[in-house]
Trainee: 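To start, I am sharing the structure in question, which I have written as structure tokens.
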Amino acid sequence: MEDRASSVLADLQAGNERFCSGRAAGPRRGAADRIVCVAAQSPKAAVLSCSDSRVPPEILFDQGLGDLFVVRTAGHVVDRGALGSLEYAVEHLHVPVVVVLGHSRCGAVTAAVAGRAACGHVGWVVDAIRPAVAATAAAAGDPVDRAARGHVSRCAGRLASESLTLRDAVAGRRLAIVEAFYDLGSGRVEFAA
């Protein structure tokens, strides 16, 4: 599995490099590609990402139809829907990699750093991010970006700790959970070592 996960990550990194350099190929996005995907899906990776309209994983990684199984929530918070979706990707679609993708200038993280109360269900999203804000408060750098990076780590850790399916897949070396951070300005995705 390690070779398969490494190959997938190399492909995602190469796609991000194409995106950053203005050479994105926009692969597998035509009518014939859509028809191929009708019968079944076989994505190479799953991505838990923020719902932010500036952070579409398929474009950032220069991937096409059927390549990524994407789960998006505001602030890429982990909830039962996200966990269930990722369990499906791992158990039924056999993805070898789950990427937890945070990003710079995240509005949900900005709200959590500001400390103001949020209304309705947005308050739940902001409250889910507050532990990362507290954990990174003493660190150097931009408070929003450091909290966003801390939140990526917390979410990645929660996936295996809160899901027996994901935990067993990691233990059985069928799955790698990888942290990543997207810079809106440069377009670069940085994968954690």
Side-chain angles (χ1 to χ4, degrees), residues 1-19 27-28 33 36-37 39-52 55-103 106 108-109 125 128-129 131-132 135-136 147-183 188-193:
M1 198 299 291
E2 289 177 11
D3 289 340
R4 188 169 169 224
S6 295
S7 175
V8 167
L9 289 173
D11 184 55
L12 296 179
Q13 289 170 323
N16 181 244
E17 182 55 39
R18 289 191 304 273
F19 170 74
R28 295 170 301 288
D33 302 303
V36 169
C37 291
Q41 62 175 318
S42 183
K44 63 181 81 171
V47 181
L48 172 60
S49 178
C50 184
S51 300
D52 191 306
V55 188
E58 295 89 346
I59 294 173
L60 305 181
F61 294 120
D62 195 26
Q63 300 296 304
L65 290 170
D67 289 337
L68 299 178
F69 186 91
V70 179
V71 178
R72 296 179 77 175
T73 64
H76 65 272
V77 296
V78 177
D79 61 15
R80 290 174 59 193
L83 279 172
S85 297
L86 293 171
E87 287 176 351
Y88 176 80
V90 170
E91 192 70 18
H92 298 280
L93 303 177
H94 310 289
V95 298
V97 175
V98 170
V99 176
V100 180
L101 179 65
H103 67 95
C106 179
V109 176
V125 171
I129 298 169
T136 61
R149 289 174 185 274
H151 183 54
V152 167
S153 293
R154 285 191 79 251
C155 290
R158 287 185 61 200
L159 294 181
S161 70
E162 295 184 22
S163 166
L164 181 60
T165 299
L166 301 181
R167 183 170 50 248
D168 286 351
V170 169
R173 301 170 59 99
R174 296 184 315 277
L175 176 68
I177 298 174
V178 179
E179 300 172 23
F181 191 79
Y182 173 61
D183 182 86
R188 298 230 178 268
V189 174
E190 171 191 329
F191 289 91

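Atoms considered below: every heavy atom in the structure, side chains included; atoms not considered: hydrogens, waters and symmetry mates.
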Trainee: Does the side chain of Ser85 come within less than 4.5 Å of Phe69's, by heavy atoms?
Mentor: yes

Trainee: For the residue pair Gly150 and Thr136, what are the closest heavy atoms and their distance?
Mentor: CA-CG2, 4.1 Å

Trainee: If you apply the rule side-chain contact (heavy atoms from CB on, under 4.5 Å), what do you find for Val70 with Glu58, and how did you get there?
Mentor: CA-CA 8 Å; Val70 179; Glu58 295 89 346; 3.3 Å; yes

Trainee: Just how far is it from atom CZ of Phe61 to atom CG of Leu9, taken to the nearest 0.5 Å?
Mentor: 9.0 Å

Trainee: Specify the closest pair of heavy atoms between Asp62 and Gly15, including all atoms of both residues, with the distance to one decimal.
Mentor: CB-O, 3.4 Å

Trainee: Which one of Val71, Val178, Ile177, Leu86 satisfies the side-chain contact (heavy atoms from CB on, under 4.5 Å) criterion with Val100?
Mentor: Ile177

Trainee: Carefully, step by step, assess Gln63 and Asp11 under the rule side-chain contact (heavy atoms from CB on, under 4.5 Å).
Mentor: CA-CA 9 Å; Gln63 300 296 304; Asp11 184 55; 3.5 Å; yes

Trainee: Which atom pair, heavy atoms only, marks the closest approach of Ala128 to His151?
Mentor: O-CE1, 3.9 Å

Trainee: Would the distance check show the side chain of Ser7 and the main-chain N or O of Asp3 forming a donor-acceptor pair, the cut-off being under 3.5 Å?
Mentor: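 Not confirmed, Ser7 side chain does not pair with Asp3 backbone.
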
Trainee: Looking at CG of Asp168 and CG of Leu175, how far apart are the two atoms once the value is rounded to the nearest 0.5 Å?
Mentor: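 Taking CG in Asp168 and CG in Leu175, the distance rounds to 11.0 Å.
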
Trainee: Using side chain to side chain donor-acceptor pair (under 3.5 Å), reason through Glu87 and Ser163 one step at a time and then give a plain yes or no.
Mentor: CA-CA 8 Å; Glu87 287 176 351; Ser163 166; 2.6 Å; yes

Trainee: Apply side-chain contact (heavy atoms from CB on, under 4.5 Å) to residues Leu68 and Val99 and explain how you reach the verdict.
Mentor: CA-CA 10 Å; Leu68 299 178; Val99 176; over 6 Å; no

Trainee: Mind listing the closest non-hydrogen atom pair of Ser51 and Ala74 along with its distance?
Mentor: OG-N, 3.2 Å

Trainee: Sub-3.5 Å donor-acceptor pair from the side chain of Asn16 to the main-chain atoms of Val189, do we have one?
Mentor: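 Yes; at least one donor-acceptor contact below 3.5 Å.
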
Trainee: What's the verdict on side-chain contact (heavy atoms from CB on, under 4.5 Å) for Val152 and His76, showing C-alpha distance, side-chain angles and the deciding distance?
Mentor: CA-CA 8 Å; Val152 167; His76 65 272; 3.6 Å; yes

Trainee: To the nearest 0.5 Å, what is the distance between SG on Cys106 and OH on Tyr182?
Mentor: 13.0 Å

Trainee: Drop me the distance from Leu48's CG to Glu179's CD, to the nearest 0.5 angstrom.
Mentor: 11.5 Å

Trainee: Can you tell me how far apart CZ (Phe181) and NE2 (His103) are? Round to the nearest 0.5 Å.
Mentor: 8.0 Å

Trainee: Measure the spacing between CG of Leu164 and CG of Leu83 and express it to the nearest 0.5 Å.
Mentor: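 Between Leu164 CG and Leu83 CG, I get 12.0 Å after rounding to 0.5 Å.
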
Trainee: Looking at Asp52, is its backbone amide N or carbonyl O close enough to the side chain of Arg72 to form a donor-acceptor pair, meaning the two atoms are under 3.5 Å apart?
Mentor: yes

Trainee: Work out which heavy atom in Gly75 is nearest to a heavy atom in Ile129; give both atom names and the distance.
Mentor: CA-CD1, 4.2 Å

Trainee: Grab the two heavy atoms, one from Val95 and one from Pro43, that are nearest each other, plus how far apart they are.
Mentor: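 Minimum heavy-atom separation between Val95 and Pro43: CG1-O, 3.6 Å.
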
